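Only a predicted model underlies this, so the values are computations on that prediction, with no experimental measurement involved. Order of the sequence lines sets the chain letters (A, B, ...), proteins ahead of strands, with each chain counted from 1.
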Amino acid sequence: MAKNLVIVESPAKAKTIEGFLGKDFLVKSSFGHVRDLSKATLSIDVDNGFIPNYEVPADKKKVIDDLKKAAKSAEVIWLASDEDREGEAIAWHLAEALNLDQAKTKRIVFHEITKTAILEAIQTPRTIDQNLVNAQQARRVLDRLVGYELSPLLWKKVRPALSAGRVQSVAVRLIVERENEIREFITGSYFKVTALFEVEKEGKTHTLKAEIPAKLQQSEEAESMLEKAKDAVFTIEEIKTVPAKKSPSPPFTTSTLQQEASRKLSFSVAKTMMIAQQLYEAGKITYMRTDSVNLSGMALSMAKEEITRAFGEKYVKTRNYTTKSKGAQEAHEAIRPTYLNSPEIKGTADQRKLYDLIWKRTIASQMGDAQLEKTTVSISGTGIKESFVATGEVLIFDGFLKVYLESSDDEDDEIQKGVLPPLTKGMVLNNREVLATEKYTQHPPRYTEASLVKKLEELGIGRPSTYAPIISTIQKRQYVVLETREGVPRDYRVMILKSKKIHKEVKQEITGYEKSKLFPTDIGSLVNSFLVQYFLNILDYNFTANVEKKFDEVAAGNVVWNEMIREFYTPFHAQIADTQEKSKKVSGEKLLGLDPVSGKNVFVKIGRYGPMVQIGETDSEEKPRFAGLLKNQSIETITLEQALELFSFPRLVGVYKDKEVTVSIGRFGPYVKYDGAFFSLKKTDNPLEVTLERAIEVMEEKILAEKNKLIRDYPENPEVRVLNGRWGPYISIAKANYKIPKGVEPSSLTLQDCLKIAAAAGEQEDKPKKTRKKK
DNA sequence: CAGTGAGCGAGCTTCCGCTTGACTT
């Protein structure tokens, strides 16, 4: 048995390190945290110093048993979890849960996974930093108190099974408030004037595009400018050339990787993390959950070597970046390729794409600035007050641009950038045409997954390991939805001056197209307004940043953790109790108007089953009528007319083969009913407008799918069938379903094969699965 | 590429951060 046991957080890291340390060292992994507050109850003794009640979760019991065994036979146990608040706490929980002998236990940290760094760490062990551990306990306890006292309040005052927390509630608030801004935004229009000139030089004709920088508010202004341009003589008034430079972006952190993979590769945040994890486990990249932009000395020298080899020495410029994000803990390096001399790797297409991005970003970060020359040309026209401006850019030295350029979120329409034709001051230009185009002001953009992560990071909310889960949590709770919405056509006016004639046109563009954006739901808006009304202090965008400062004080040993928590909890708990007592149950009820048929009030509100319309009063003698809102409707935007339409279900759409075809709304959304059978409508179908033709199409589609569903059946045992399902082929026996092993052709399965697979799966059933704990 | 097509009830639900599998009907 090895004399030394090293415990790290990640198994992939353990594997690498074991290679460095030799036979005397056994390296194992804790798989993250090993203890936590019990989930079933608050698990904090609020009356006695907020003592936490920790337990080893069911899925960690095996890890602990395993580590205990290894620790028993080791002479020294090295706790090598990350050097941040959570890592320190993991080391402490390990010492506690494993019952480690203090004399045999050493705490070490390292920032890069290299042999030298690790051997150095072994030479300089320390003890567990209890202040840092206490800062983590304060963080953990505060989050539990906030989450487990706010959520039950929502169950009472809004709807069961909702949730609130320090992080998720702020994420939802950002999305709700952005949507409110968009709803209140008033679109304006203005005119932009551009001109095309011709430049004759050495027998060749070049085109020069220039614009008036100002926005013209009225179409009359634009038209009069075009009138004046009819007979104007255009001359180059001034040419200004200034040098400029562009610098590369720092290497990737989790958040910037998620943003760039979203912009350049259209990956979701979750997909990026999944593929990065695969690359990490294959040893291709360093750790993917990090907030640091720092590269190790070894990485820097590898980068230098690779840049020299690939592009030449003059492209090298090694740099040290410092993090700007709030609350960064920098326990790891930036995300970079393990071997910078491998620009390409083997793997799936997605793995190669993400790796390529990481390689380029890392290499570019150590390359020289791009040197540019920016030229601005002013062109005056006789009789026209404003000057036209043309800009051009010449690349003197490409530097890092040879490899990589960061994308930007806002796709501003750029005017001509590039090489300008040869021009001289005083030159008279031939005007080919002048164009006045109507443009519209734009509302602030909705968040994408990645831009939300960026915003949260700016606010210091959430950690690299939680950005992806936050996005999935707020969707799972149905506070927000990720949606792509089609745009609608919009007219815009254009005036063209050509050959001394002004020609007017109305053209169309598509506006409002939203690709994979986050929209708040009605319940999301309602919960947010409740929380903002009663708990603005928690929903404050600076709440996290402020408590982080206090955690830092705890870590520095200046503040006692449970006193800090008491100071927070006493007023917070009073606030909970007060709201419990004083606030009414909220439903977001809104009066839309009167029903012209019955003369009764029409309300929209959130009911037990979601947003709905109600005709008549709740406490009236005659029961009110109810109807659920459709998927794309919201109580914020629905009109009285749309609300009343919802009462037209079930709607007869026609008669098919002597039987009625109706459309209705059920528990699981809109459906077609025909001859006692049900057929779900697609998301894109509007149940109010579905025609008989479309209904028949939907029915036929389903019948066809049913037909394709059966891969094989067995006359000797009709209970056994091989079927096509949502996740691919499977075996169905009586009511139970079974997975088909990999590499087996479903249509080749015999009855015996199926029964064997079922029997084998049955045995597995007895294995200890998720044991549901009581208490 | 599934399949389900209401409506009392009693009892359940929930946080954030660390880390990977297990296991999919």
Test salt bridge (charged side-chain N to carboxylate O under 4.0 Å, His left out) applied to Glu333(A) - qualifying residues, sequence neighbours left out: Arg336(A)
Test ring pair (Phe, Tyr, Trp, His ring centres under 6.0 Å) applied to Phe50(A) - qualifying residues, sequence neighbours left out: Tyr569(A)
Nearest-angstrom distance from the residue atom CG of Leu531(A) to P of dC15(B): 13 Å
Given DNA chain B, 5'-ward residue of the pair Glu281(A) and Val167(A), judged by closest heavy atom: Val167(A)
Side-chain-base donor-acceptor pair under 3.5 Å for Arg144(A) and dC16(B): no
Contacting residues from residues 152-161 of chain A, given that a heavy atom lies under 4.0 angstrom of DNA chain B: Pro152(A), Trp155(A), Pro160(A), Ala161(A)
Side chain to side chain donor-acceptor pair (under 3.5 Å) partners of Asp59(A), counting only residues at least two apart: none
Under 4.0 angstrom between Ser10(A) side-chain N/O and dT20(B) OP1 or OP2: yes
Those residues that, when tested against Ser292(A), pass side chain to side chain donor-acceptor pair (under 3.5 Å) (two or more places apart): Glu330(A)
Electrostatic pair Asp82(A):Lys13(A) at N-O distance under 4.0 angstrom: yes
pi-stack flag for Tyr148(A) and dT14(B), centroid dist under 5.5 Å, interplanar under 30°: yes
Phosphate contact (dC15(B) OP1 or OP2) by Ser151(A) side-chain N/O below 4.0 Å: no
Cationic N near anionic O, under 4.0 Å, Glu548(A) to Arg85(A): yes
Spacing between Gln136(A) atom CD and dC18(B) atom C1', to the nearest angstrom: 9 Å
Pairwise 5' ranking along DNA chain B for Ser465(A) and Arg140(A), keeping only the more 5' one: Arg140(A)
Those residues that, when tested against Tyr534(A), pass ring pair (Phe, Tyr, Trp, His ring centres under 6.0 Å) (two or more places apart): Phe530(A)
Check: dG5(B) base within 3.5 Å donor-acceptor of Ser680(A) side chain: yes
N/O to N/O distances under 3.5 Å, protein versus nucleotides 8-10 of chain B:
none

Qualifying residues under side chain to side chain donor-acceptor pair (under 3.5 Å), relative to Tyr479(A), sequence neighbours excluded: none
N or O in side chain of Thr466(A) less than 4.0 angstrom from dC16(B) OP1/OP2: no
Residues in ring pair (Phe, Tyr, Trp, His ring centres under 6.0 Å) contact with Phe535(A), at least two apart in sequence or another chain: none
Bracket notation of DNA chain B in which parentheses pair within the strand, [ ] cross earlier pairs, and | pairs with another strand (Watson-Crick or G-U, under 3.5 Å): .........................
Side chain to side chain donor-acceptor pair (under 3.5 Å) partners for Glu449(A), two or more places apart: none
Check: dC18(B) base within 3.5 Å donor-acceptor of Arg289(A) side chain: no
Residues that Pro152(A) engages under side-chain contact (heavy atoms from CB on, under 4.5 Å), provided they are two or more places apart: Trp155(A)
Any Arg477(A) side-chain nitrogen or oxygen under 4.0 Å from OP1 or OP2 of dC15(B): yes
